[in-house]
Amino acid sequence: MSAPAIRISALTKRYGGVQALARIDLEIGQGEFFGLLGPNGAGKTTLISALAGLIRADSGALAVMGHDVVTDYRNARLKLGVVPQELVFDPFFTVREMLTFQSGYFGIRGNRGWIDEILHRLDLSSKADVNMRTLSGGMKRRVLVAQALVHRPPVIVLDEPTAGVDVELRQSLWQFVEQLNADGHTVVLTTHYLEEAQALCGRIAMMKAGRIVALDTTANLLSSVARKLKVRAGRPAAALALGGAAAGEWAEFAFDDPADIETLLARLREAGADVLEIAVGEPDLEQVFVEVMRRA
Amino acid sequence: MPDPFRVSPFIGFRTLFHKEVLRFWKVGFQTIAAPVLNALLFLLIFSHILERRVTVHGDVTYTAFLVPGLVMMSLLQNAFANSSSSLIQSKITGNILFVLLPPLSYRAFYAAYVLAALLRGLFVAIGVWLVSALLIQTPLAHPAWALTFAVLGGALLATFGLIAGIWADKFDQLAAFQNFLIMPLTMLSGVFYSIHSLPPLWQKISHFNPFFFMIDGLRHGFFGQSDTSPWLSLAVTGGCLAALAALTLALLARGYKLRG
């Protein structure tokens with residue numbers, strides 16, 4: 001049986017009085033598109049840094065494609081590509097020089113063909129010989145993605161890759177990352193844009209204060225919160241009297257089973273609410289996130 | 001298309017070395033030409049003022065005496081500046097990440113930074129020597145000794161620069177290293193004078209300054225004459241290099257201030 005793309009066992013990390021990671025256990029299978037969500041300070045970046053060997057955990061173990069990140073760090077790092085959160089670059093060099101150096105650091109020689117391909121796929125070909133200093137923020141972000149892919153890693157971690165990025169680039173970046181996932185790459189994503197995580201990730205872990213407080217498929221997480229029937233009534237007071245939550249001109253009623261809709265509408269008619277318009281609101285990840293964080 | 005997983009650690013070292021060399025080469029006016037000009041100005045001013053007032057080794061003129069001192073001073077200062085500034089810039093801008101994420105060993109990291117810094121130091125040193133030839137021809141009595149001290153001294157200061165770059169979190173901490181340690185040790189090492197011209201107490205104190213041995217050793221390479229035995233200078237320089245290299249490798253192996 002093949003090793004999981006990422007295996008994290010009893011991982012802890014403390015910074016002074018702050019427990020950044022509190023015995024994290026997590027397995028991410030090969031080929032997954034996995035979301036790692038949480039508020040600022042939840043421990044997402046610390047977890048990614050430990051995985052990439054940028055920090056040393058106090059205890060526990062991490063492995064990438066079966067290679068321990070401490071005892072077998074060479075193979076673990078070869079299998080992992082990380083797109084960092086900060087927009088870092090080296091102002092001395094051009095885009096192509098950066099990618100050629102990055103390729104060399106991984107011990108790869110003669111990688112020009114693949115570098116040309118990722119430049120093309122990230123729409124960077126025209127900027128290949130341009131100094132990093134002169135690129136826009138969005139272009140620098142693309143170079144970071146290209147650098148993470150230069151050694152063709154099977155596992156790619158994107159730490160908030162679309163923070164501060166315009167809509168067009170976000171769309172093209174996600175298309176590219178989805179294609180990588182379809183090609184068999186495991187993708188781990190952290191983002192504050194929950195709609196992106198909902199659309200892309202098959203499975204999601206939510207973190208708070210260094211702990212994983214929810215871990216399930218995106219579908220299961222979404223089904224864990226009630227859907228909403230939204231009603232605009234001629235007599236709103238009558239609708240609210242039946243337990244609806246006010247949302248502007250609308251009253252919202254939570255329901256689990258679609259059969260409940262008919263029952264609810266019958267009760268509204270009986271109460272003389274004068275229903276003018278109805279809409280069914282699908283649950284979204286933001287609702288799930290808020291609920292999970294509230295409970296945790 | 002190459003198999004991306006057929007990798008060689010040597011390529012990693014070679015790439016980092018190449019990157020570090022390009023980094024100073026691209027700004028050669030600042031990193032090579034400017035220090036050569038500085039040394040030339042020192043040579044012009046000090047030789048003009050002191051040529052007939054200071055006696056050094058036997059028949060060696062003061063201006064000739066000054067040349068190896070300035071060559072070594074420039075070499076040491078630029079080797080230190082290269083490794084320290086490159087590392088701290090990478091730390092502060094965050095692009096150190098690019099060399100921490102790949103599977104580069106700490107030995108490859110050390111070797112690449114030190115050799116690139118040494119190379120810059122040697123470029124500057126050769127530049128100072130060549131430009132000084134416009135004013136005075138200095139003999140090269142023992143080229144092997146001169147090369148040995150140039151390489152060991154440059155490697156020593158490049159290593160020291162790496163320690164400073166690892167330790168410092170801010171540019172002013174690095175400047176403190178340069179202004180309060182490197183500069184005084186260089187100026188008080190006998191670049192501009194023979195320690196035989198000093199009072200006995202200062203002669204003794206000079207023997208605790210490793211920079212004195214590096215400069216005196218290089219002078220032996222040039223003139224075949226020096227204030228102290230070249231073998232003692234070699235032992236001190238080599239010993240200091242070995243000790244600092246061991247410390248730096250230990251810091252890098254632990255990931256001190258690089259991997260949290």
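Chain letters run A, B, ... following the sequence lines, proteins first and then strands; every chain starts at 1. Being a predicted model, the structure only gives us computed values, none of them experimental.
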Side chain to side chain, B:R23 and B:N82, heavy atoms closer than 4.5 Å: yes
With a 4.5 angstrom heavy-atom cut-off, is it the side chain or the backbone of B:S90 that approaches chain A, or both, or neither? neither
Please confirm whether B:K26 makes a cation-pi placement over A:F92, using NZ or CZ under 6.0 Å from the six-membered ring centre and within 45° of the ring normal. no
Around atom CE of B:M187, are there more than 12 heavy atoms from other residues, nucleotides or ligands closer than 6.0 Å? yes
Heavy-atom side-chain contact between B:N95 and A:P91 under 4.5 Å: yes
Where along residues 49-61 of chain A does a heavy atom come under 4.5 Å of chain B, listed by residue number? A:A52, A:G53, A:L54, A:I55, A:R56
Which one, B:V27, B:L97, B:L101, leads in non-hydrogen pairs under 4.5 Å with chain A? B:L101
Please work out whether the ring planes of B:F46 and B:F192 are parallel, tilted or perpendicular, with thresholds of 30° and 60°. parallel
Is the cationic atom of A:R170 (NZ for Lys, CZ for Arg) positioned less than 6.0 Å from the six-membered ring centroid of A:Y193 and within 45 degrees of its normal? yes
Does any backbone or side-chain atom of B:I96 lie under 4.5 Å from a heavy atom of chain A? Answer side chain, backbone, both or neither. neither
Using modelled atom types and a 3.5 Å cut-off, is there a donor and acceptor pairing between side-chain atoms of A:D90 and backbone atoms of A:M98? no
B:K170 atom NZ, neighbour heavy-atom count above 12 within 6.0 Å: no
Quick one: pull up CZ in B:F177 and CD1 in B:I182 and give me the separation to the nearest 0.5 Å. 7.5 Å
Of the non-hydrogen atoms in A:L99 and A:L119, which two are nearest, and what is the gap between them? CD1-CD2, 3.6 Å
Give the intermediate values and the outcome of side chain to side chain donor-acceptor pair (under 3.5 Å) for residues B:Q173 and B:W167. CA-CA 9 Å; B:Q173 288 174 331; B:W167 174 79; over 6 Å; no
Using a 4.5 Å heavy-atom cutoff, which residues in residues 17-46 of chain A come close to chain B? none
Mark yes when over 12 heavy atoms from residues, nucleotides or ligands other than B:W25 sit less than 6.0 Å from its CH2; otherwise mark no. no
Neighbours of chain B found in residues 127-139 of chain A - heavy atoms under 4.5 Å: none
To the nearest 0.5 Å, what is the distance between OG1 (A:T100) and NE2 (B:H18)? 9.5 Å
Region of A:L144 in contact with chain B, defined by heavy-atom distances below 4.5 Å: side chain
If you draw a 6.0 Å radius around NE2 in A:H192, do more than 12 non-hydrogen atoms from other residues or ligands fall strictly inside? yes
Proximal to chain B - members of residues 175-182 of chain A, heavy-atom separation under 4.5 Å: none
I'd like to know if A:K79 pairs up with A:D72 as an ion pair, taking the criterion as any Lys NZ or Arg NE/NH1/NH2 lying under 4.0 Å from an Asp or Glu carboxylate oxygen. no
Can B:T159 and B:Y110 be counted as having a side-chain donor-acceptor contact under 3.5 angstrom? yes
Which class fits the ring pair A:F101 and A:F93: parallel under 30°, tilted 30 to 60°, perpendicular over 60°? perpendicular
With a sphere of 6.0 Å drawn around CZ of A:R121, does it hold more than 12 non-hydrogen atoms of other residues, nucleotides or ligands? yes
Check whether A:E86 gets within reach of chain B through its side chain, its backbone, both or neither, counting any heavy atom under 4.5 Å. neither
Mind checking whether B:Y113 and B:F17 have side chains closer than 4.5 Å, heavy atoms only? no
